[in-house]
Trainee: 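Below you will find the structure I want to go over with you.
FYI, side chains are in, hydrogens and waters are out, and symmetry mates aren't considered; it's all heavy atoms of this structure. Residue numbers start from 1 in every chain, and the chains themselves are labelled A, B, ... in the order their sequence lines are given, proteins ahead of strands.
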2 protein chains.
Amino acid sequence: MAQNESPVTLEDVAHLAGVSRMTVSRVLNNRGGASDETQKRIRDAAEKLNYRPNAMARSLKSRRSYTIGVIVPDISNPFFPEIFRGAESVAQSHGYTLILSNVVESADREAEIFDKLVAQQVDGIIWCSARMPSDALAPVLATAQSVVLVNREAAPDLARSVVVDYALGARLGVDHLLAIGARRFGVIAGPEWAFGAHARLDGVKEALGAHGIAPNAILFCDPTIEGGNTAAASLLAQGERFDALICYNDLTAVGALMACRNLGIDVPGDVALIGFDDIDLAQLVTPTITSLGVPRYEIGRSAMAMLLKIINREPAEQKLVLQPKLLVRGSTVRSSA
Amino acid sequence: MAQNESPVTLEDVAHLAGVSRMTVSRVLNNRGGASDETQKRIRDAAEKLNYRPNAMARSLKSRRSYTIGVIVPDISNPFFPEIFRGAESVAQSHGYTLILSNVVESADREAEIFDKLVAQQVDGIIWCSARMPSDALAPVLATAQSVVLVNREAAPDLARSVVVDYALGARLGVDHLLAIGARRFGVIAGPEWAFGAHARLDGVKEALGAHGIAPNAILFCDPTIEGGNTAAASLLAQGERFDALICYNDLTAVGALMACRNLGIDVPGDVALIGFDDIDLAQLVTPTITSLGVPRYEIGRSAMAMLLKIINREPAEQKLVLQPKLLVRGSTVRSSA
DNA sequence: ACCGGATGAGTTATCGTTAACGTAATTTGA
DNA sequence: TCAAATTACGTTAACGATAACTCATCCGGT
């Protein structure tokens with residue numbers, strides 16, 4: 001946190017090395033065009049002055065900011081930091097910097113943030129869009145050049161996607177629950193506006209339907225512990241009996257677990273519980289929670305890799321589908337087993 | 001993700017509105033200097049062309065990027081997303097955008113990231129520095145204008161700080177443990193290179209010393225569940241008996257809890273457990289974990305507020321100390337109580 | 001000697017925006 | 001009523017970097 005050093009420019013380096021700006025630019029960008037001796041003089045001068053190129057000026061001229069925007073609904077949700085890390089690992093190795101934006105509040109805010117990133121001249125955006133309705137998505141997407149959506153889709157000319165096959169996950173989960181004898185199902189379905197919520201629900205209905213069963217109850221809720229707790233409490237308080245609760249994610253499953261505990265309902269003895277995402281927490285509560293593991297880090301990596309392809313106008317798949325994996329734990333297995 | 005629209009510039013708007021660029025610039029920045037009628041014409045033109053100012057060009061000229069860098073050791077650690085959110089809430093309301101950088105690996109990488117942020121022309125940096133040694137910190141800080149450190153300090157001319165009074169927290173924790181009868185203490189101290197680890201350790205030693213006691217064992221470890229697990233296992237396997245384990249943070253405390261569970265040691269019956277940070281997880285494990293709550297969101301808010309003061313050359317305190325709060329839970333209280 | 005082509009380096013013109021200054025036209029005040 | 005202040009704009013020149021071009025110089029081959 002130094003005082004007032006005026007920034008060191010290319011000009012300064014050029015002056016000290018006794019050459020023109022262009023020569024310095026060429027050398028420092030390893031584009032040759034100078035004798036070995038001149039190169040050394042320039043590098044020494046840059047070192048001595050502690051020259052740091054001004055990324056803004058560079059971007060302005062080159063029309064590339066080497067900056068990527070990442071929009072997540074809520075970075076406090078353990079689902080997203082992993083995605084960010086995955087994306088960052090790829091970005092870093094290609095010289096890109098990430099701008100993280102958290103949404104939290106409204107759909108309006110989502111569009112607003114997108115707009116701001118575009119104004120910031122990001123080269124691309126990874127958008128884990130949560131609450132914006134599909135029809136509102138298109139006009140926003142049209143304002144940016146390169147966008148990868150996570151767990152959401154759009155017209156091919158507007159954006160590409162990395163999605164998890166939640167329907168498959170739901171089927172795996174349901175089959176597992178059927179196998180352990182469950183017949184009466186409650187679905188704690190997560191936010192009604194979420195793409196993933198409907199994907200899961202469809203999978204659940206389909207898998208149950210194949211056995212001539214339908215969910216006994218479906219309740220939407222916030223994708224949080226609190227939301228799961230409230231939803232489960234309200235479901236269980238109605239007096240109806242359930243063999244299993246299928247939860248939107250592990251957070252809601254933990255919430256449901258707490259609701260059961262409060263009501264004196266044994267998990268998995270009375271009710272089996274299943275979640276999605278396989279966050280750490282799923283293995284830390286008692287009983288541990290059976291979950292459909294989603295490769296979060298991989299989502300981030302893939303999304304960024306896909307985005308870089310788009311930016312560089314290399315061919316890229318329109319959509320990448322990642323498979324969830326069933327991880328059977330205590331919440332669906334009698335402890336004696 | 002549209003095709004190839006060439007960007008709309010001020011020039012275009014000026015042309016459509018039939019005025020000069022400067023007039024457009026003034027109007028769109030609400031600096032007046034145009035009649036109401038001209039203003040309307042300009043705003044209409046901007047709207048019609050869907051004009052978005054180019055933030056890079058603006059920054060280049062104005063020498064303000066309205067961008068802040070945030071460096072965290074590991075965004076997957078639930079401690080940091082909250083700080084980010086706090087910082088973002090303040091930043092947003094002042095028109096700033098945040099660039100999040102994750103460190104994870106080495107101290108070198110920390111300096112490298114700092115450098116990159118400076119090159120990006122960020123207006124300031126919030127640095128949750130973890131592993132960089134103090135003497136290496138100074139030269140790096142000197143390259144930036146405005147820096148706020150979190151849980152770390154530096155010379156007044158280099159950076160200001162927001163810190164948690166971990167020593168106080170440690171004292172509160174120790175007093176509580178003494179009050180419930182603990183006499184033999186193990187300290188799972190976290191990373192040896194961490195500022196906070198030593199602050200806590202000093203507090204523990206001081207508080208115990210006041211009663212003529214010293215910790216029976218001190219073991220440094222990674223600030224993760226895994227680290228806590230390993231450390232606790234090794235401590236407890238030595239045969240020595242402990243009444244209480246004081247853990248670096250809640251993650252290590254959870255790790256310690258798992259180690260106890262594996263060894264058949266009852267918590268809190270045989271050993272009491274205390275952590276720091278009050279992350280959600282602390283209330284989700286069984287037993288719940290007594291913790292020294294740290295106002296994470298508030299750290300982020302304060303750090304950003306302080307940073308904005310520095311940037312705007314308003315007077316700001318050199319150091320802000322936030323107090324932790326003891327939250328007594330199951331890991332230190334016999335369940336019958 | 002002379003020409004063609006590397007090679008090393010400088011010139012010029014932007015990128016999109018704003019600071020600083022300039023200049024008419026209009027309003028104000030005593 | 002007329003100078004002084006204000007309003008409404010326009011001009012010019014950067015901010016720091018790079019693309020694209022130009023221009024010497026040098027070297028070998030014929």
Trainee: Within the structure shown, what part of the strands sits under 4.0 Å from A:T9 by heavy-atom distance: base, sugar-phosphate, or nothing?
Mentor: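 The residue A:T9 makes sugar-phosphate contact but no base contact.
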
Trainee: So does B:A55 get a backbone contact from the side chain of B:S59, meaning a donor-acceptor N/O pair under 3.5 Å?
Mentor: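 A pair under 3.5 Å: yes.
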
Trainee: Does A:Y66 have any ring pair (Phe, Tyr, Trp, His ring centres under 6.0 Å) partners at least two apart in sequence or in another chain, and if so, which?
Mentor: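 Ring pair (Phe, Tyr, Trp, His ring centres under 6.0 Å) check on A:Y66 returns A:Y96.
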
Trainee: Just to be sure I understand the rule, does A:R31 reach a base, reach only the sugar-phosphate, or reach nothing, if contact means heavy atoms closer than 4.0 Å?
Mentor: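 Here A:R31 touches the backbone only, sparing every base.
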
Trainee: Output the rounded distance in Å from CG (A:D12) to P (D:dC15).
Mentor: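 It is 11 Å, rounded to the nearest whole Å.
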
Trainee: Expected output is a numbered-order residue list: members of residues 20-29 of chain A with a heavy atom under 4.0 Å from any atom of DNA chain D. What is it?
Mentor: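 Within residues 20-29 of chain A, the residues near DNA chain D are A:R21, A:M22, A:S25, A:N29.
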
Trainee: Is a side-chain donor or acceptor of B:D74 paired with a backbone partner of B:N102 at a separation under 3.5 angstrom?
Mentor: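 Answer holds: no.
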
Trainee: Please check: side-chain N/O of B:E317 versus main-chain N/O of B:M306, any donor-acceptor pairing under 3.5 Å?
Mentor: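 Not at all, since once roles are kept as given, no pair shorter than 3.5 Å links the two residues.
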
Trainee: Under the side chain to side chain donor-acceptor pair (under 3.5 Å) rule, collect the residues that match up with A:S62, sequence neighbours excluded.
Mentor: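 Partners of A:S62 under the side chain to side chain donor-acceptor pair (under 3.5 Å) test: none.
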
Trainee: Measure from CD on B:Q120 to C1' on D:dA17 and round the result to the nearest Å.
Mentor: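 Whole-Å distance recorded here is 15 Å.
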
Trainee: So, is B:S35 near the phosphate of D:dC9, with a side-chain N or O under 4.0 Å from OP1 or OP2?
Mentor: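 Indeed, a polar side-chain atom of B:S35 lies that close.
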
Trainee: Can you name the nearest heavy-atom pair linking A:C128 to A:P73, along with the distance?
Mentor: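 Shortest heavy-atom contact: O-CD, 3.4 Å.
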
Trainee: Which residues satisfy the side chain to side chain donor-acceptor pair (under 3.5 Å) test with A:K319, sequence neighbours excluded?
Mentor: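 Applying side chain to side chain donor-acceptor pair (under 3.5 Å) to A:K319 gives A:E153.
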
Trainee: Enter the inter-axis angle for the ends of the helix from C:dA1-D:dT30 to C:dA30-D:dT1 (five pairs per end, rounded to 10°).
Mentor: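 The value is 40°.
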
Trainee: What nucleic acid atoms does A:S59 come within less than 4.0 Å of, heavy atoms only: base, sugar-phosphate, or nothing?
Mentor: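 Nothing: the residue A:S59, judged by heavy atoms under 4.0 Å, touches no strand.
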
Trainee: For the pair made of CG in B:D36 and P in D:dA8, what is the distance, rounded to whole Å?
Mentor: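 Going from B:D36 (CG) to D:dA8 (P), I get 8 Å.
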
Trainee: Which is the 5'-most and which the 3'-most nucleotide of DNA chain C that has an atom under 4.0 Å from a heavy atom of chain B?
Mentor: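 Under 4.0 Å from chain B, the extent on DNA chain C is C:dG16 to C:dA20.
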
